[in-house]
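This report refers to the structure that appears directly beneath it.
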2 protein chains.
Amino acid sequence: MAHHDVRTQPRRKRDGSTREAILDIALELFNTQGYDKTSLREIAERLGVTKAALYYHFARKEDILLELHLRLHSLGHDMLERLGTIDNAQHSPDAWLELLDFFIDQVVANQDLFLLHQRNHNAFEELERTEHHDADHDDLQQQLQRFLATPTIPLAQRVRMACSLGAVMGALMGANHVFGDVPATQIADLVRTITHDLLHPNTPQPSLKP
Amino acid sequence: MAHHDVRTQPRRKRDGSTREAILDIALELFNTQGYDKTSLREIAERLGVTKAALYYHFARKEDILLELHLRLHSLGHDMLERLGTIDNAQHSPDAWLELLDFFIDQVVANQDLFLLHQRNHNAFEELERTEHHDADHDDLQQQLQRFLATPTIPLAQRVRMACSLGAVMGALMGANHVFGDVPATQIADLVRTITHDLLHPNTPQPSLKP
DNA sequence: GTCTATATTTCGATAGAC
DNA sequence: GTCTATCGAAATATAGAC
């Protein structure tokens, strides 16, 4: 579940650890400097190889970003299925809350990838413009936005759902800089409480799960 | 209050409308393509002039972004003062709610500028790394983050405040694409209600203002 | 203020040896 | 798999005429 096959490539040395190292360094640099401002020379330097070596593993610079995008995409796969079940009948706040619960876990566990997507929004958009976007494998965020645009759901509730998503991102993305050394899981639990208040106004919190 | 002096430049033709036109086009292109992917050639082309003409108005490309940043900064100036009064004693949810109320208006009225900041986060960061950032003229977002890091405020409430900010942004930024032709002011009112629920859990809404 | 060059730099990408 | 060397494109920025 961690990788998506992509085992068409040959290998002789380093068995494939270089490819992973490239992705790790790229993820870090893309997050701190941005995708465009990060050159292949910089990535190669940090890795201790030359630019040309990168081209053995990735045909284009864009493909590095694409691979990172795929990982984020596979993370959202489970969520999108749950979204489908919601779409059919029950747009209840409870179903959405359950979805958020899962989403929060994903964000905490893969903060870097979500940060990448948020901080390089434009680069990702162009990525999907180039990759001719065959079918329904939309971005997670795009699917969520399309869901929030559903006209059959009352506007007030759609706005509530949008706010709840923003609340989760707002609290968890900058968490490292703002909440210091407080463990992310603790922040996540607080956020869960808050999303409950947000979606179930004027309803007291249920007691903690045993 | 709209512009910040910057009247050191000479002028012979076009009295200064070109400068404004450059900023308008740049803002649009930066939002759709990103700051890095937008070339001066592209801006000039759209304006109907040549690249060199831009350099009469802005010494560097970075200065175009900087000017846009300053406008966003001046918008936040009032808010930061209000923040200062909160910082002294009362960290009450009501004071924060009042701040949010003002913030929501700002975001609705200047959606493009806030979008610019969100979609080009990395470019803005490098901007403040270059411009040696003399004193306390931080970014609005940076000031808010520093405030949310205040250790004297209980953690649970700090997370609530972070969530409320995220909720506002989450609902208002993508509003155009998600909520279709619903006027932004209507969304804003819904968001106000939601932020109330978020900061005053289990408390019924006060009746609408007369 | 705006133009026509042109300088300078950096980047993504390729070719071919090892 | 990684290297050296290099190409070609595009971008920022400058010089100087009008």
Side-chain angles (χ1 to χ4, degrees), chain A residues 6-26 29-30 32-69 120 122-124 126-127 129-131, chain B residues 6-26 29-30 32-69 120 122-124 126-127 129-131:
Chain A
V6 202
R7 181 70 17 221
T8 325
Q9 259 128 54
R11 49 174 131 157
R12 294 221 304 233
K13 294 174 185 172
R14 282 232 214 188
D15 62 12
S17 64
T18 301
R19 188 185 169 90
E20 288 302 315
I22 292 173
L23 290 170
D24 284 346
I25 294 177
L29 291 179
F30 291 171
T32 55
Q33 307 178 328
Y35 170 75
D36 298 287
K37 281 277 200 301
T38 301
S39 65
L40 295 176
R41 177 190 57 77
E42 212 167 353
I43 298 176
E45 223 163 57
R46 187 79 154 258
L47 219 172
V49 298
T50 61
K51 247 193 319 175
L54 302 185
Y55 278 93
Y56 175 82
H57 300 277
F58 298 93
R60 308 167 300 162
K61 180 188 179 186
E62 226 180 352
D63 289 340
I64 301 179
L65 188 66
L66 182 60
E67 169 73 21
L68 260 14
H69 165 79
N120 297 279
N122 288 305
F124 274 89
E126 199 196 13
L127 201 63
R129 218 171 290 136
T130 301
E131 251 64 27
Chain B
V6 201
R7 182 72 13 225
T8 326
Q9 259 127 51
R11 51 174 130 159
R12 295 224 303 233
K13 294 173 186 173
R14 280 231 215 192
D15 61 12
S17 64
T18 300
R19 188 184 170 89
E20 289 301 315
I22 292 173
L23 291 169
D24 284 346
I25 294 177
L29 291 179
F30 290 171
T32 56
Q33 306 178 329
Y35 170 74
D36 299 287
K37 281 277 200 299
T38 302
S39 65
L40 295 177
R41 178 190 57 76
E42 211 167 353
I43 297 176
E45 222 163 57
R46 186 80 155 258
L47 220 171
V49 297
T50 61
K51 255 190 315 174
L54 302 186
Y55 278 93
Y56 174 83
H57 298 278
F58 298 93
R60 308 167 301 162
K61 179 188 179 184
E62 227 179 350
D63 289 340
I64 300 180
L65 189 64
L66 181 60
E67 170 73 23
L68 259 14
H69 164 79
N120 297 279
N122 288 306
F124 273 89
E126 199 196 13
L127 200 63
R129 217 172 292 135
T130 302
E131 250 64 27

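Keep in mind it's a predicted model, so treat the numbers as computed, not measured. Just so we're on the same page: letters track the sequence lines, and every chain starts at 1.
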Where protein sits on nucleotides 10-16 of chain C, one letter per nucleotide: B base, S sugar-phosphate only, - none, heavy atoms under 4.0 Å: -SBBBB-

Cationic tip of B:Lys61 above B:Tyr35 ring, under 6.0 Å, 45° of axis: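 Satisfied, under 6.0 Å and within 45°.
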
Figure out the [atom1]/[atom2] separation between [X] and [N], and round it to whole Å.
X: A:Leu54; N: D:dC3; atom1: CG; atom2: C1'; value: 12 Å
X: A:Arg19; N: D:dT2; atom1: CZ; atom2: P; value: 13 Å
X: A:Leu47; N: D:dC3; atom1: CG; atom2: P; value: 9 Å
X: B:Asp63; N: D:dA13; atom1: CG; atom2: C1'; value: 12 Å

side-chain N/O B:Thr50 vs C:dT2 OP1/OP2, d < 4.0 Å: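 Answer no for this pair, as no side-chain N or O of B:Thr50 is under 4.0 Å from OP1 or OP2.
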
A:Thr18 side chain near D:dG1 phosphate (N/O to OP1/OP2, under 4.0 Å):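 False: A:Thr18 side-chain N/O out of range (4.0 Å or more) of D:dG1 OP1/OP2.
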
Inter- and intrachain pairs under salt bridge (charged side-chain N to carboxylate O under 4.0 Å, His left out), touching residues 49-60 of chain B, at least two apart: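 Passing the test, one end in residues 49-60 of chain B: B:Arg60-B:Glu62, B:Arg60-B:Asp63, B:Arg60-B:Glu131.
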
All side chain to side chain contact (heavy atoms under 4.5 Å, CB included) counterparts of B:Thr50, not counting sequence neighbours: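 Testing B:Thr50 for side chain to side chain contact (heavy atoms under 4.5 Å, CB included), a comparison that skips the adjacent residues, returns B:Ala52, B:Ala53.
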
Any B:Asn122 side-chain heavy atom under 4.5 Å of A:Asp36 side chain: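 B:Asn122 does not reach A:Asp36 side chain to side chain.
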
Closest contact, heavy atoms only, B:Ala26 versus B:Ile64: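 Result for this residue pair: CB-CG2, 3.7 Å.
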
Sidechain N-carboxylate O distance under 4.0 Å for A:Arg41, A:Glu45: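 A salt bridge links A:Arg41 with A:Glu45.
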
